[in-house]
Asks: 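Pasting in a structure now, in structure tokens, and then I'll have a few things to ask.
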Amino acid sequence: MKLIICGKGGSGKSTITSLLAHEYARTNHNVLIVDTDESNGGLHRLLGTKVPKDLLHYFGGKQGIKEKMPSKKPDCATNQLFDWPLSIDTIPEEYISKNGSVSLVSIGKITHSGEGCACPMGMLSRQFLKSLTLEKNDVVIIDTEAGIEHFGRGIDAEADCVLMVVDPSFESVGLAHTITSMIKELDMPFYYVLNRVTPEISSKIRSSLENPENIIAEIPEDSKILTNGLMGTPITEAYPPILTLIKGIQQA
Ligand SMILES: Nc1ncnc2c1ncn2[C@@H]1O[C@H](COP(=O)(O)OP(=O)(O)O)[C@@H](O)[C@H]1O
Ligand SMILES: [Mg+2]
């Protein structure tokens, strides 16, 4: 299964990605997190891994990717970059960091002002996900940058299922509407997880979402999550709302 996590900046995507990763690992899955966020660099802390070398460097940086896909309008939907059988086990060692059965691959980060657009990262993300073959027990979770750029790049089309994180803000609910209509174009399964909600706030969000039946879990404001997020430390023990979320994904 390839699960893509999307939503507004700060809604809790990376937090939920890491909570899911640790829970799947606890239940004997082999988990690969694909970090497609070009801006934020702290995901490895929540996962408890070292920082992997960006996959972009494997291909010689942005320039290297451009040279491998030279046409002006490259066909990103067709793999042109990976010429070896790609699976979790065949990713070159320097480019994958592990903590037990949780692994992290990072596509690439923006590091210099004026370095140019992030399109090569988008192409790489899409082709990586397209080429990646999975074993029965593998779970891939794709953590995205804020907003909808990844939809424009077609990264979501390579996933099996979309999980939208909705926090209690007008912007987040609005973005959930936009993303929902894009997913409907792709005709793929999608689910919502409400984050930082009380029962009262949750019912307000429910009444404003087009498909409230697709809400599969609710996560309250949690001081432990907040502290772990601040300190950059992983939460590895079972956390009931995440168990509900996984159950919802399984039943879907
Ligand atoms: N349920 C929650 N309770 C308390 N803090 C939370 C919760 N979910 C997320 N946070 C905190 O909110 C901040 C943003 O979360 P993050 O996962 O980085 O968002 P995103 O990846 O969507 O930008 C982090 O500091 C995180 O610890
Ligand atoms: Mg994030």
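Residues take their numbers from the sequence shown, with the count starting at 1.
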Asks: What distance do Ser87 atom OG and Leu132 atom CG have between them, rounded to the nearest 0.5 Å?
Replies: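 Here the interatomic distance stands at 7.0 Å.
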Asks: Just jot down the side-chain hydrogen bond (donor to acceptor under 3.5 Å, both in side chains) partners of Thr180, sequence neighbours excluded, or say none.
Replies: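 Thr180: side-chain hydrogen bond (donor to acceptor under 3.5 Å, both in side chains) contacts with Tyr192.
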Asks: For Ile142 and Ala159, which heavy atoms make the closest approach, and how far apart are they?
Replies: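 Nearest pair, atom of Ile142 first, then Ala159: CD1-CB, 4.2 Å.
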Asks: What residues, two or more places apart in sequence or in another chain, satisfy salt bridge (Lys or Arg N to Asp or Glu O under 4.0 Å) together with Glu93?
Replies: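 If we apply the salt bridge (Lys or Arg N to Asp or Glu O under 4.0 Å) test to Glu93, skipping adjacent residues, there are no hits.
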Asks: Consider only side-chain heavy atoms of I, L, V, M, F, W and Y, link residues closer than 4.5 Å, and tell whether Ile5 and Leu32 are in one cluster.
Replies: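 Shared cluster, no.
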Asks: Applying a strict under-4.5 Å side-chain criterion to I, L, V, M, F, W and Y, I'd like to know whether Leu163 and Val197 cluster together.
Replies: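 In one cluster with Leu163: Val197, no.
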Asks: Without swapping roles, check the side chain of Lys130 against the backbone of Asn79 for a donor-acceptor pair under 3.5 Å.
Replies: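 A pair under 3.5 Å: no.
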Asks: Listing request: all ring pair (Phe, Tyr, Trp, His ring centres under 6.0 Å) pairs with a residue in residues 83-109, at least two apart in sequence or in separate chains.
Replies: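 Qualifying pairs, neighbours excluded: Tyr58-Trp84, Tyr58-Tyr95, Phe82-Trp84.
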Asks: Can you tell me how far CZ of Phe128 sits from CG of Leu56, rounded to the nearest 0.5 angstrom?
Replies: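 Going from CG on Leu56 over to CZ on Phe128, the span is 13.0 Å.
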Asks: If hydrophobic clusters are built by linking Ile, Leu, Val, Met, Phe, Trp and Tyr wherever their side-chain heavy atoms come under 4.5 Å apart, do Leu175 and Ile183 end up in the same one?
Replies: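 Yes.
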Asks: Minimum heavy-atom separation for Pro220 to Pro241, with atom names?
Replies: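 Here Pro220 and Pro241 meet closest at CD-CG, 4.0 Å.
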Asks: Is it true that atom CD of Glu115 has more than 12 heavy atoms of other residues, nucleotides or ligands lying nearer than 6.0 Å?
Replies: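 Yes, enclosed.
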Asks: Looking at every heavy atom in both Leu124 and Leu55, which two are closest together, and how far apart are they?
Replies: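 Answer, listing the atom of Leu124 first, then Leu55: CD2-C, 3.9 Å.
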Asks: Got a sec, which residues hit side-chain hydrogen bond (donor to acceptor under 3.5 Å, both in side chains) with Lys2, two or more places apart in sequence or on another chain?
Replies: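 For Lys2 there are no side-chain hydrogen bond (donor to acceptor under 3.5 Å, both in side chains) partners, ignoring immediate neighbours.
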Asks: How many angstroms lie between atom CG of Leu47 and atom NZ of Lys98, to the nearest 0.5 angstrom?
Replies: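 So the gap between those two atoms works out to 13.5 Å.
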Asks: Kindly indicate, with the supporting measurements, whether the criterion side chain to side chain contact (heavy atoms under 4.5 Å, CB included) is fulfilled by Leu43 and Asp37.
Replies: CA-CA 10 Å; Leu43 188 55; Asp37 183 342; over 6 Å; no
Asks: How close do Glu38 and Glu145 get, heavy atom to heavy atom, and via which atoms?
Replies: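 Closest pair (atom of Glu38, atom of Glu145, distance): N-CB, 4.4 Å.
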Asks: Please report the C-alpha distance between Met121 and Lys62 in whole Å, then the side-chain angles of each, then the deciding distance to 0.1 Å, and finally whether the side chain to side chain contact (heavy atoms under 4.5 Å, CB included) criterion is met.
Replies: CA-CA 7 Å; Met121 278 95 137; Lys62 285 181 172 176; 3.7 Å; yes
Asks: Stepwise, does the side chain to side chain contact (heavy atoms under 4.5 Å, CB included) test hold for Lys68 with Gln80?
Replies: CA-CA 7 Å; Lys68 285 193 173 60; Gln80 291 169 279; over 6 Å; no
Asks: For the atom pair CD1 (Ile219) and OG (Ser202), what is the distance rounded to the nearest 0.5 Å?
Replies: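 Here the rounded value is 12.0 Å.
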Asks: Determine whether a donor-acceptor pair (N or O, by modelled atom type, separation under 3.5 Å) exists between the side chain of Asn40 and the backbone of Gly42.
Replies: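 Side chain of Asn40 to backbone of Gly42, a donor-acceptor pair under 3.5 Å: no, none is there.
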Asks: Which atom pairs, donor and acceptor, lie under 3.5 Å between side-chain atoms of residues 242-252 and protein residues at least two apart or in another chain?
Replies:
residue : atom : partner : partner atom : Å
Thr244  : OG1  : Pro240  : O            : 3.1

Asks: Val140 and side-chain contact (heavy atoms from CB on, under 4.5 Å): which partner among Val31, Asp160, Leu134?
Replies: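 That would be Leu134; it is the only one of Val31, Asp160, Leu134 passing the side-chain contact (heavy atoms from CB on, under 4.5 Å) with Val140.
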Asks: May I ask you to test the Leu129-Ile4 pair for a side-chain heavy-atom distance under 4.5 Å?
Replies: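 A side-chain contact is absent here, since even the closest heavy-atom pair is not under 4.5 Å.
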Asks: Residues in salt bridge (Lys or Arg N to Asp or Glu O under 4.0 Å) with Asp156, at least two apart?
Replies: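 Asp156 satisfies salt bridge (Lys or Arg N to Asp or Glu O under 4.0 Å) with no other residue.
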Asks: Taking all heavy atoms of Gly229 and all of Leu46, pick out the closest pair and write down the distance.
Replies: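 Looks like CA-CD2, 4.4 Å.
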Asks: Does any non-hydrogen side-chain atom of Ile235 lie less than 4.5 Å from one of Ile225?
Replies: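 Of all side-chain heavy-atom pairs linking Ile235 with Ile225, at least one is under 4.5 Å.
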Asks: Do any N or O atoms from the side chain of Thr17 and from the backbone of Lys13 form a donor-acceptor pair under 3.5 angstrom?
Replies: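 Between the backbone of Lys13 and the side chain of Thr17 there is a qualifying donor-acceptor contact (under 3.5 Å).
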Asks: Look at the side chain of Ser39 and the backbone N and O of Lys109, then say whether any donor-acceptor pair between them is shorter than 3.5 Å.
Replies: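 Side chain of Ser39 to backbone of Lys109, a donor-acceptor pair under 3.5 Å: no, none is there.
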Asks: Quick one: salt bridge (charged side-chain N to carboxylate O under 4.0 Å, His left out) pairs with a partner in residues 42-58, sequence neighbours left out?
Replies: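 Output for this query lists Lys53-Glu94.
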Asks: In the single-linkage hydrophobic clustering (I, L, V, M, F, W, Y; side-chain heavy atoms under 4.5 Å), do Val165 and Ile201 co-cluster?
Replies: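 Unlinked, Val165 and Ile201 end up in two clusters.
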Asks: Hey, does the side chain of Asn195 reach the backbone of Ser11 with a donor-acceptor pair shorter than 3.5 angstrom?
Replies: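 Present.
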Asks: So, the side chain of Asp143 versus the backbone of Asp35: is there a donor-acceptor pair under 3.5 Å, distance only?
Replies: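 It does not hold such a pair.
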Asks: Could you pull out all residues at least two apart from Glu218 that satisfy salt bridge (Lys or Arg N to Asp or Glu O under 4.0 Å)?
Replies: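 Salt bridge (Lys or Arg N to Asp or Glu O under 4.0 Å) list for Glu218, sorted by chain: Arg206.
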Asks: Lys8 and Ala146: which non-hydrogen atoms are nearest, and at how many Å?
Replies: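 Closest pair (atom of Lys8, atom of Ala146, distance): C-CB, 4.2 Å.
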Asks: With sequence neighbours left out, what residues match Thr36 under side-chain hydrogen bond (donor to acceptor under 3.5 Å, both in side chains)?
Replies: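 Result, side-chain hydrogen bond (donor to acceptor under 3.5 Å, both in side chains) vs Thr36: none returned.
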Asks: Are Ile96 and Ile107 linked, directly or through other ILVMFWY residues, by side chains that come within less than 4.5 angstrom of each other?
Replies: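 In one cluster: yes.
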Asks: So how far is it from Ile155 CD1 to Cys6 SG, rounded to the nearest 0.5 Å?
Replies: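 Ile155 CD1 to Cys6 SG: 11.0 Å, rounded to 0.5 Å.
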Asks: Can you find a heavy atom in the side chain of Pro234 that is under 4.5 Å from one in the side chain of Ser18?
Replies: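 With C-beta onward as the side chain, the pair stays apart.
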Asks: Looking at residues at least two apart in the chain, or sitting in another chain, which of them share a salt bridge (Lys or Arg N to Asp or Glu O under 4.0 Å) with Glu67?
Replies: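 With sequence neighbours excluded, Glu67 shows a salt bridge (Lys or Arg N to Asp or Glu O under 4.0 Å) to no residue whatsoever.
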Asks: Would you say Asn30 and Asp138 are linked by a side-chain donor-acceptor pair, where the criterion is simply a distance under 3.5 Å?
Replies: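 Yes, a side-chain donor-acceptor pair sits under 3.5 Å.
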Asks: Could you state the interatomic distance from CE (Met164) to CD1 (Ile215), rounded to the nearest 0.5 Å?
Replies: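 Rounded to the nearest 0.5 Å, the CE-CD1 separation comes out at 10.5 Å.
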Asks: Checking side-chain polar atoms at under 3.5 Å, does Glu213 have a donor or acceptor matched by the opposite partner on Asn211?
Replies: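 Checked: Glu213/Asn211 side chains pair up, N/O donor to acceptor below 3.5 Å.
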Asks: Who passes side-chain hydrogen bond (donor to acceptor under 3.5 Å, both in side chains) against Arg196, sequence neighbours left out?
Replies: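 For Arg196, the residues satisfying side-chain hydrogen bond (donor to acceptor under 3.5 Å, both in side chains) (neighbours in sequence not counted) are Glu221.
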Asks: Apply the test side chain to side chain contact (heavy atoms under 4.5 Å, CB included) to residues Thr49 and Ile33: give CA-CA distance (whole Å), side-chain angles for both, the deciding distance (0.1 Å), then the verdict.
Replies: CA-CA 11 Å; Thr49 71; Ile33 303 303; over 6 Å; no
Asks: What residue pairs, at least two apart or across chains, pass ring pair (Phe, Tyr, Trp, His ring centres under 6.0 Å) with a residue in residues 25-51?
Replies: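 Every pair satisfying ring pair (Phe, Tyr, Trp, His ring centres under 6.0 Å) with a residue in residues 25-51: Tyr24-His29.
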Asks: Do side-chain atoms of Asp167 reach the backbone of Gly12 as a donor and acceptor pair under 3.5 angstrom?
Replies: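 No.
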